[in-house]
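Step one of this worksheet: look at the structure below.
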Amino acid sequence: MTSVAKRFRNALLLATFAAGLGTPVLAKEASVEVAVDTATTGPVIDKHIFGQFAEHLGTGIYGGVWVGKDSPIPNVRGIRTDVVTALKALKVPNVRWPGGCFADEYHWRDGIGPADKRRVQINTNWGGVPESNAFGTHEFMDFAEQIGSEAYISVNIGSGTAAEASAWIEYMTAEKDTTLAKERAANGHPAPWKVPILGLGNENWGCGGAMSAEHYVEEMKRFANFTRNFNPAQREKDKMKRIAVGWDGNKLDYTEEVMKAWSTHVYSWDIEGVSLHNYTTGGWPPHLPATGFGNDEYAIVINETLKMDSLIAKQSAIMDKYDPEKKLLIAVDEWGAWLSPTPGSNPGFLQQQNSLRDGILAALNLNIFARHADRVKIANIAQMVNVLQAMILTDGSKMVLTPTYHVFKMYVPFQDAQFAPVKFAAGELAVGDRKLPRVDAMAAKDKSGQVWVSLVNVDPDAGTSVTIPGFRTASGEVLTAPKVDSVNTFAAPSVVAPKAISGKPSGSGVTIALPPRSVTVVKVSK
Ligand code: AHR
């Protein structure tokens, strides 16, 4: 290990120790010193950790993204304009599609060609409702282009064949005059698309075919072998990353078997990453209400979500055994809060409100991913619109931005910025029967050299102040609200909305007053 790497690791360990393990419970009023180490060169926080997930589930696609060309709701080629405008501001790096469980029953040919010829089927996973296939490959790629994002395509290993997946990737990426490229052109898109990320199945231990890890690995190898990307623009750089299915907090054997196979793989197949799925639920099946809760349930959810750190560490430890050079990445390609469905909604649609608690949960997870930036290079929150921990909720022509949306927008400066270790000793806080860290902090330097700091005041009741030594100014945005379960609604869309915040020089640093239950992102200067 180089001395820089050692320093970086030690700083990380210190920050981790300070952030939680065995630290004293400090007096609530104590100000917290957050020391940002800009001299140490940390890994780049890959922009792809800010990815999203859009599955054919409930109104996530139909209604939330796709309204059809003839809809009175303003749209461009069937894709709603208000949602596109909102998502563009998030600089969404990639969108995972078409699932989820839906992906392992998806047959791409059902979703191409004339609209009136598409196969209508039953969405067996999600509510048993008709799936029109009106939103298929061309519509998805159009959507990704409209929001300025890239495609993360999940192929069907569960009920499909390697030949089907191979033909789909050729259809999307072949430039030459092949039969499939001509068919794509005839369907309206002569130029090949880029497919930068390819998911090799989804949760194949469960909805993806209930395969043993050994069986999955044999299937995955064939799919990795035969799904070839032909786009010339992806030959040298932007090479397609293939993501195998890893664990979900229970099926650790998947990660082990995938890595074991990869460590002795032959020339004909390869992968670039292994997935990790984890939802914050408060227990299975998900039962915690999305609104109308107090500090105790806030603490249950926040305490549970912080376990993401140890899940990543466990998966990393397995991967390290076979891949000490960290050639393969972790894709946390499903994460977020999974709560009780909105009363009156179809339970199969997984629709839930999104409160300030979700915003805080999002910030804490993004900070964890950033701390694991050497391994975690892709993450996809579940999901983008109207499903689980969504960015956006719609109802007919109405749209509202959630607290989680605002956090993702505040975090845009961290995309592709260089992680800067922080040291802080905030102590712990007892809420109900759970212990929480009082404060969380994460910092990074963007490409222009500007330093950004995220500060989360986890305390639901008390404000605090943070001093960052060595800097004199701090300005940015803070997200908070009157209660931990405050939400935005169509009638009151700005209850949880970011406001400007700035720090004051104090001593040799800058001090920022953090309101209770808040997420703050500031740029700091000397
Ligand atoms: O995001 C909802 C579902 O959760 C996905 O379809 C599946 O992969 C996971 O179990």
Side-chain angles (χ1 to χ4, degrees), residues 51-62 64-65 94-106 121-129 131 135 140 152-160 197-211 216 220 243-251 254-255 273-288 290 305 308 311 330-342 345-352 354 358 361-362 365 378-393 402 404:
Q52 307 265 338
F53 176 30
E55 179 167 13
H56 287 236
L57 193 178
T59 53
I61 298 287
Y62 299 108
V65 169
N94 74 80
V95 187
R96 180 169 180 254
W97 177 84
C101 295
F102 182 82
D104 270 298
E105 293 195 50
Y106 185 66
Q121 61 191 105
I122 303 293
N123 190 331
T124 50
N125 284 290
W126 306 118
V129 294
E131 160 62 53
F135 191 87
F140 170 70
Y152 177 171
I153 300 288
S154 281
V155 293
N156 176 351
I157 289 189
S159 66
I197 313 174
L198 189 78
L200 300 170
N202 173 76
E203 298 194 356
N204 296 88
W205 66 79
C207 65
M211 300 174 191
Y216 168 74
M220 179 275 288
I243 311 299
V245 171
W247 79 321
D248 69 336
N250 295 307
K251 299 280 180 191
Y254 258 64
T255 299
V274 184
S275 76
L276 187 167
H277 286 185
N278 188 257
Y279 288 96
T280 303
T281 62
W284 197 260
H287 58 280
L288 294 178
T305 212
M308 178 63 87
L311 295 182
I330 292 179
V332 188
D333 52 14
E334 285 188 30
W335 68 274
W338 189 327
L339 307 168
S340 297
T342 301
S345 68
N346 181 336
F349 283 11
L350 310 187
Q351 201 173 94
Q352 65 195 39
N354 194 293
D358 292 276
L361 180 156
N365 278 278
I378 296 174
N380 301 78
I381 188 166
Q383 299 194 5
M384 198 173 214
V385 185
N386 289 338
V387 177
L388 299 176
Q389 192 176 341
M391 306 292 117
I392 292 174
L393 301 175
T402 67
T404 302

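These numbers come from a predicted model, not from an experiment. Order of listing sets the numbers, starting from 1, for every ligand and every atom in it.
Across every non-hydrogen atom of Val95 and Phe140, the tightest pair is O-CZ, 3.5 Å. In this structure, His287 and Ser340 approach most closely via the heavy-atom pair O-OG, 2.8 Å.
Closest protein heavy atom to atom 1 (O) of ligand 1: Tyr279 OH, 2.7 Å. The nearest heavy-atom contact from the protein to atom 10 (O) of ligand 1 is Glu203 OE1, 2.7 Å.
Heavy-atom contacts of Gly100 reach the following atoms of ligand 1: 5 (C), 6 (O), 8 (O) (cutoff under 4.0 Å). Remark: ligand 1 atoms within the under-4.0 Å shell around heavy atoms of Cys101 are 5 (C), 6 (O), 7 (C), 8 (O). Listed by number with element, the atoms of ligand 1 under 4.0 Å from a non-hydrogen atom of Glu334 are 1 (O), 3 (C), 4 (O), 5 (C), 7 (C), 8 (O), 9 (C). Those atoms of ligand 1 with a heavy atom of Trp338 less than 4.0 angstrom away are 4 (O). Every atom of ligand 1 with a heavy atom of Glu55 under 4.0 Å away is listed here by number and element: 1 (O), 2 (C), 5 (C), 6 (O). Every atom of ligand 1 with a heavy atom of Gln383 under 4.0 Å away is listed here by number and element: 1 (O), 2 (C).
Only the side chain of Leu388 comes within 4.0 Å of ligand 1, counting heavy atoms alone; its backbone N, CA, C and O stay farther away. Of the heavy atoms in Asn202, only side-chain atoms (C-beta onward) come closer than 4.0 Å to ligand 1. In Phe53, the part holding a heavy atom less than 4.0 Å from any atom of ligand 1 is the side chain.
Residue contact annotation: Phe102 has no non-hydrogen atom under 4.0 Å from ligand 1.
In summary, of the residues considered (Gln383, Glu334, Glu55), a side-chain hydrogen bond (donor to acceptor under 3.5 Å, both in side chains) with Arg96 occurs for Glu334 alone.
Note: His56 and Phe102 have parallel aromatic rings, judged against thresholds of 30 and 60 degrees for the angle between ring planes.
Using a 4.5 Å heavy-atom threshold, the side chains of Ile157 and Tyr216 count as touching.
Judged purely by distance below 3.5 Å, without hydrogens or angles, the side chains of Ser154 and Asn202 never pair a donor atom with an acceptor atom. No hydrogens or angles considered: a donor-acceptor pair under 3.5 Å links the side chains of Tyr152 and Asp333.
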